[in-house]
Amino acid sequence: MSDENSNFDEERIRFGARIRFLRLKINLSQEDLAASSGLDRTYIGGIERGERNPSLKNIVRLAISLGVSPRELFSGSGDD
C-alpha cells in the first residue's frame with residue numbers, strides 16, 4: 001500500500017510541475033491562471049507543489065486556460 005501511495009504522490013508532483021512549466025512557458029502568473037480558470041490562486045499553488053489532487057473538471061479548466069489539451073497536462077516531466 002505504501003508503494004501505491006508513493007507512486008500516487010510522485011504522479012501528483014509530476015502533474016504539478018507540468019502545470020507550472022506550461023504556465024511559465026506562456027508567461028502567466030499563478031494569479032493570471034487562477035483568474036482565467038476560475039480557480040483560487042492558493043489552489044493553483046497547491047497543485048503546482050503536488051499537494052492538491054484536482055478533479056477532472058478542474059483539470060479541463062486548467063488545460064483550457066493554458067491553451068493545451070487535457071492530455072498534454074499529463075505528458076512530459078514538467079521541464080520539457
Side-chain angles (χ1 to χ4, degrees):
M1 184 76 141
S2 64
D3 285 342
E4 188 175 306
N5 286 337
S6 175
N7 289 341
F8 180 71
D9 292 342
E10 289 173 21
E11 289 302 318
R12 239 186 13 236
I13 291 167
R14 186 175 298 125
F15 180 81
R18 182 71 175 162
I19 295 293
R20 183 174 194 272
F21 171 79
L22 291 169
R23 175 178 64 76
L24 293 174
K25 184 177 177 181
I26 59 173
N27 200 30
L28 279 182
S29 67
Q30 285 183 348
E31 291 84 3
D32 293 335
L33 180 56
S36 67
S37 63
L39 301 171
D40 190 84
R41 185 204 53 81
T42 59
Y43 183 72
I44 300 291
I47 292 171
E48 289 186 358
R49 290 187 302 275
E51 299 168 352
R52 298 286 192 153
N53 184 27
S55 67
L56 178 58
K57 180 179 179 179
N58 290 339
I59 289 169
V60 171
R61 285 177 166 183
L62 289 167
I64 291 167
S65 294
L66 292 167
V68 298
S69 70
R71 169 179 264 179
E72 289 179 78
L73 298 180
F74 295 94
S75 62
S77 62
D79 59 358
D80 59 343

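Values reported hereafter were calculated over all heavy atoms of this structure, with side chains retained and with hydrogens, waters and symmetry mates removed. Just so you know, these numbers come straight off a predicted model, no measurement behind them.
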Which residues share a side-chain contact (heavy atoms from CB on, under 4.5 Å) with Glu10, sequence neighbours left out: Ser6, Asn7
Residues in side-chain hydrogen bond (donor to acceptor under 3.5 Å, both in side chains) contact with Glu48, at least two apart in sequence or another chain: Arg23, Gln30
Under a 4.5 Å side-chain heavy-atom rule over Ile, Leu, Val, Met, Phe, Trp and Tyr, are Leu24 and Ile19 clustered together? no
Contact list for residues 30-43, test salt bridge (Lys or Arg N to Asp or Glu O under 4.0 Å), sequence neighbours left out: Glu31-Arg41
Does anything in residues 35-54 pair up under ring pair (Phe, Tyr, Trp, His ring centres under 6.0 Å), and if so which pairs, sequence neighbours excluded? none
For a quick test of your reading: what N or O donor-acceptor pairs under 3.5 Å do the side chains of residues 61-69 make, sequence neighbours left out?
| residue | atom | partner | partner atom | Å |
| --- | --- | --- | --- | --- |
| Ser65 | OG | Ser36 | O | 3.2 |
| Ser65 | OG | Ser36 | OG | 3.2 |
| Ser65 | OG | Ser37 | N | 3.3 |
| Ser65 | OG | Arg61 | O | 3.1 |
| Ser69 | OG | Glu72 | N | 3.3 |
| Ser69 | OG | Glu72 | OE2 | 3.4 |

Phe8: which residues meet the ring-ring contact (aromatic ring centres under 6.0 Å, His included) condition with it, sequence neighbours left out? none
Between Ile59 and Pro54, what is the shortest heavy-atom contact and its length? CD1-O, 3.8 Å
Mind checking the CZ-CD spacing from Phe74 to Glu11? Nearest 0.5 Å is all I need. 9.5 Å
Single-linkage hydrophobic cluster Val60~Leu28, side-chain heavy atoms < 4.5 angstrom: no
Can you list the residues that meet the side-chain hydrogen bond (donor to acceptor under 3.5 Å, both in side chains) rule with Asn53, with sequence neighbours excluded? none
Quick one: list whatever passes side-chain hydrogen bond (donor to acceptor under 3.5 Å, both in side chains) with Arg12, sequence neighbours left out. Asp9
Look at the side-chain heavy atoms of Ile, Leu, Val, Met, Phe, Trp and Tyr, link any pair under 4.5 Å apart, and say whether Ile47 and Ile13 land in one connected group. no
